[in-house]
Amino acid sequence: MNSIDKNKNTFAVTTPLYYVNDLPHIGSAYTTIAADAIARFQRLRGKSVLLITGTDEHGQKIERTAESRGKSPKEHCDEIAVGFQALWQQLDIQYDRFSRTTAPKHEAIVKQFFQDVWDKGDIYQSQQKGWYCVSCEEFKEERELLEGRRCALHPNKEVEWRDEQNYFFRLSKYQSQLEALYQERPDFIQPQSRRNEVLNFVNQGLQDFSISRVNVQWGFPVPVDPSQTIYVWFDALLGYVTALLDPDSEPTLENALSKWWPIDLHLIGKDILRFHAVYWPAMLLSAGLPIPYRVFGHGFITVDGQKMSKTLGNTIDPVALVKRYGTDAVRYYFMKEIEFGRDGDFNEKERFIPILNADLANDLGNLLNRTLNMARKYWGGKVPNISGQDIPADNTLKVIGSDLGERVAQAYEALAFTQATEAILTLIRAGNKYIDEQAPWTLYKQGKQVLVEQVLYAVLESVRLAAYLLSPIIPNISNEIYRQLGFDTNFNDKTQINVSAPFNIHANWGTLPSSQTLGEPRPVFQKLELLETGSSEDK
Ligand code: MSP
């Protein structure tokens, strides 16, 4: 089993490949923002990064949705896939690959993989009887169902009975190898609570599962029996592999796996954990391929404490949200306010608006603004002519800032976005307090030039460090802060960000160049107001 090489210089991260039964919702935006933040962080660190996202387009759910819209499945998928791409652009998601499972090159990969598993003797025919949830695209055990034979995840839909001859994958054969994988690689499934869920499930004994469908046309034909199509999940998971192909290389497994495999991180929601942490590694073991390094299952977002659902009419449209409040605001809220791995709530009036105003407009924005104004007044609009080394070692901001980069880096590595932002906020809040206490306006009047210089430098440098460390989450605000501090860094320039602002320099407190000319002070974040019409206008 492959062990983790912490020093390798590549980092491949995936979002789920989203179903195209509907336009993206806030759940898909949530995972994708997190994936983008981690990709940006790894780039800052100097890694060569591949961020993969895309769409999962086959199966009965999509077939039926297209039909209900009076469109051909292909036409329907093309339309919705564009909707995803547009949202990712609005959210400043810097994805490198957009994998569509209906792509011809994907068919080549699926065929070859199927053949390898077939040759291994891991596929056989048998009768599949059971209750199927089309929305989950998954068979359910009778005991998992709610009253009236409804799926717990889709309580407004009844499951459907299936009794058909299918091709099965020998999952049960991999029971002990999977158990060994979980033991040898305790970090494979995260967080711990999800790992426990998987261990419990596997402990009950694994059963083979069917990987073909008889009455679904919208899928790749089973290579050994074109009267059936391949089960959407068997096909979809391989979408991660297809995504690794260079755009013009021949679609073979060898080519796809040559550079980025094994994938470093699969980011997913908790509802699709079993597919990623049990079925997927077993499929890879069967094909003789190394297993990805990490699967992280995040929690679910509720709205005002309630499950989001179309029936309740409380779904959040991410496009409308970004339009109203801006990209960075949305990114910040979800990364800071919802502890990654746990469920969390979206509440526009009581949490979203107050938190953004407090953190970004008041704490961060005001700190920069007031300090830049003082620098203009007392120092000719330049960084004082001193360096970080000239600030005494016991300076509060220097003390907090000195190991902040390292602490935040560890938090990002662990996907603890809340912890990362909280640590950065500590420095920002200390900066505001420090100015109030030091009162540089008084020091200036008293002619204490050296002290004024130190206060200004310490605060400007703290805002810079905060902006740098927040850049994976709020790249546009960080750009603006850097610009006002006199840099011409662009955190959205993924090809050279680690050259123009390398982590080993910029993540340290005390690196703001002395005498650098500062820019015009301008608010970096406009205070938000709740629109009286509320969120209902866009639903
Ligand atoms: N197509 C499969 C994934 C295949 S990956 C090879 C799929 N797609 S999905 O569009 O239904 O779901 C995508 C992701 O959205 C999942 O990770 C799911 O957990 C997540 N979410 C759906 N609703 C959510 C919330 N309310 N909150 C947070 N994430 C949620 O499953």
Side-chain angles (χ1 to χ4, degrees), residues 332 336 355 358-379 382-412 416 418-471 473-474 477-478 481-482 484-487 501 503-516 518 521 524-525:
Y332 184 81
K336 185 203 169 209
I355 282 161
D359 293 3
L360 300 184
N362 294 347
D363 290 347
L364 179 63
N366 278 350
L367 182 61
L368 175 68
N369 205 264
R370 64 201 288 219
T371 319
L372 281 180
N373 279 318
M374 282 191 279
R376 280 160 83 94
K377 213 155 151 195
Y378 310 136
W379 227 265
K382 285 183 184 261
V383 175
N385 190 19
I386 54 172
S387 78
Q389 283 171 349
D390 300 319
I391 309 286
D394 62 353
N395 177 291
T396 334
L397 301 186
K398 189 172 183 173
V399 169
I400 300 176
S402 64
D403 68 343
L404 186 69
E406 202 31 55
R407 283 186 287 131
V408 169
Q410 278 174 19
Y412 276 128
T418 304
Q419 211 180 313
T421 36
E422 288 290 358
I424 300 166
L425 277 176
T426 314
L427 178 64
I428 297 168
R429 289 184 185 135
N432 277 309
K433 190 157 167 254
Y434 174 80
I435 296 194
D436 295 342
E437 284 169 2
Q438 298 294 318
W441 44 92
T442 312
L443 297 173
Y444 184 74
K445 275 192 207 138
Q446 294 168 342
K448 295 180 176 161
Q449 299 269 355
V450 173
L451 290 181
V452 174
E453 268 187 310
Q454 287 184 0
V455 173
L456 288 181
Y457 186 92
V459 179
L460 289 170
E461 171 56 356
S462 297
V463 182
R464 182 206 62 75
L465 180 60
Y468 183 76
L469 296 173
L470 283 171
S471 70
I473 297 175
I474 47 168
I477 293 176
S478 296
I481 294 176
Y482 255 58
Q484 293 186 29
L485 290 173
F487 294 92
F503 196 86
N504 58 1
I505 296 173
H506 282 237
N508 293 315
W509 196 93
T511 58
L512 183 64
S514 57
S515 301
Q516 177 153 289
L518 299 163
V524 292
F525 188 79

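All values below were derived from every heavy atom in this structure, side-chain atoms included, with hydrogens, water molecules and symmetry-related copies excluded.
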Quick one: do Trp509 and Leu397 satisfy side-chain contact (heavy atoms from CB on, under 4.5 Å)? Show the steps, please.
CA-CA 9 Å; Trp509 196 93; Leu397 301 186; 4.3 Å; yes
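Residue Leu456 holds its CG atom at 8.5 Å from OH of Tyr378, rounded to the nearest 0.5 Å. Here the straight-line distance linking atom OG1 of Thr421 with atom OH of Tyr332 works out to 5.5 Å at 0.5 Å rounding. From Asn432, atom CG reaches atom OG of Ser462 across 10.5 Å, with rounding to the nearest 0.5 Å. Note that the CG atom of Asn369 and the CG atom of Asn362 stand 11.5 Å from one another [nearest 0.5 Å]. Interatomic distance, Ile355 CD1 to Lys336 NZ, rounded to the nearest 0.5 Å: 5.5 Å. Atoms CZ and CD, on Arg464 and Gln516 in that order, are 10.0 Å from each other to the nearest 0.5 Å.
Using a 4.5 Å heavy-atom threshold, the side chains of Tyr412 and Ile473 count as touching. Looking only at side-chain heavy atoms (C-beta outward), Arg370 and Ile435 come within less than 4.5 Å of each other. Using a 4.5 Å heavy-atom threshold, the side chains of Leu364 and Leu470 count as touching. Counting heavy atoms from C-beta outward, Pro513 and Val383 have side chains that stay 4.5 Å or more apart.
Contact between Tyr434 and Asn395 at its shortest, heavy atoms only, is OH-ND2, 2.9 Å. Nearest heavy-atom pair, Glu461 versus Thr511, reported as atom, atom and distance to 0.1 Å: OE2-N, 2.9 Å. Closest heavy-atom contact between Ala507 and Leu469: CB-CD2, 4.2 Å. Residues Arg376 and Pro521 come closest through the heavy atom pair NH1-CD, 3.4 Å. Taking every heavy atom of both residues into account, Val524 and Ile481 meet most closely at CG1-CG1, 3.8 Å. Minimum heavy-atom separation, Gly388 to Tyr457: N-OH, 3.4 Å.
For Ala439, the side-chain contact (heavy atoms from CB on, under 4.5 Å) partners two or more places apart in sequence, or in a different chain, are Trp441, Thr442. Shown here are the side chain to side chain donor-acceptor pair (under 3.5 Å) partners of Gln419, two or more places apart in sequence or in another chain: there are none. In this structure Asp394 satisfies the salt bridge (charged side-chain N to carboxylate O under 4.0 Å, His left out) test with no other residue, sequence neighbours excluded. Listed by chain and residue number, Phe487, Phe491, His506 satisfy the ring-ring contact (aromatic ring centres under 6.0 Å, His included) test with Tyr482 (two or more places apart in sequence, or in another chain). Taking Arg407 as the reference, Ile400, Asp403, Leu404, Ala423 meet the side-chain contact (heavy atoms from CB on, under 4.5 Å) condition, with sequence neighbours excluded.
Considering Leu372, Ile428, Thr371 in turn, Thr371 is the only one that fulfils the side chain to side chain contact (heavy atoms under 4.5 Å, CB included) rule with Val459.
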What pairs of donor and acceptor atoms, side-chain ones from residues 443-455 against any protein atom, are under 3.5 angstrom apart with sequence neighbours left out?
residue, atom, partner, partner atom, Å
Gln446, OE1, Lys448, NZ, 3.2

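Asp390 has no carboxylate O lying under 4.0 Å from a charged side-chain N of Lys398, or vice versa, which leaves the two without a salt bridge. A salt bridge does not link Asp363 to Lys433: none of the charged nitrogens lies less than 4.0 Å from a carboxylate oxygen.
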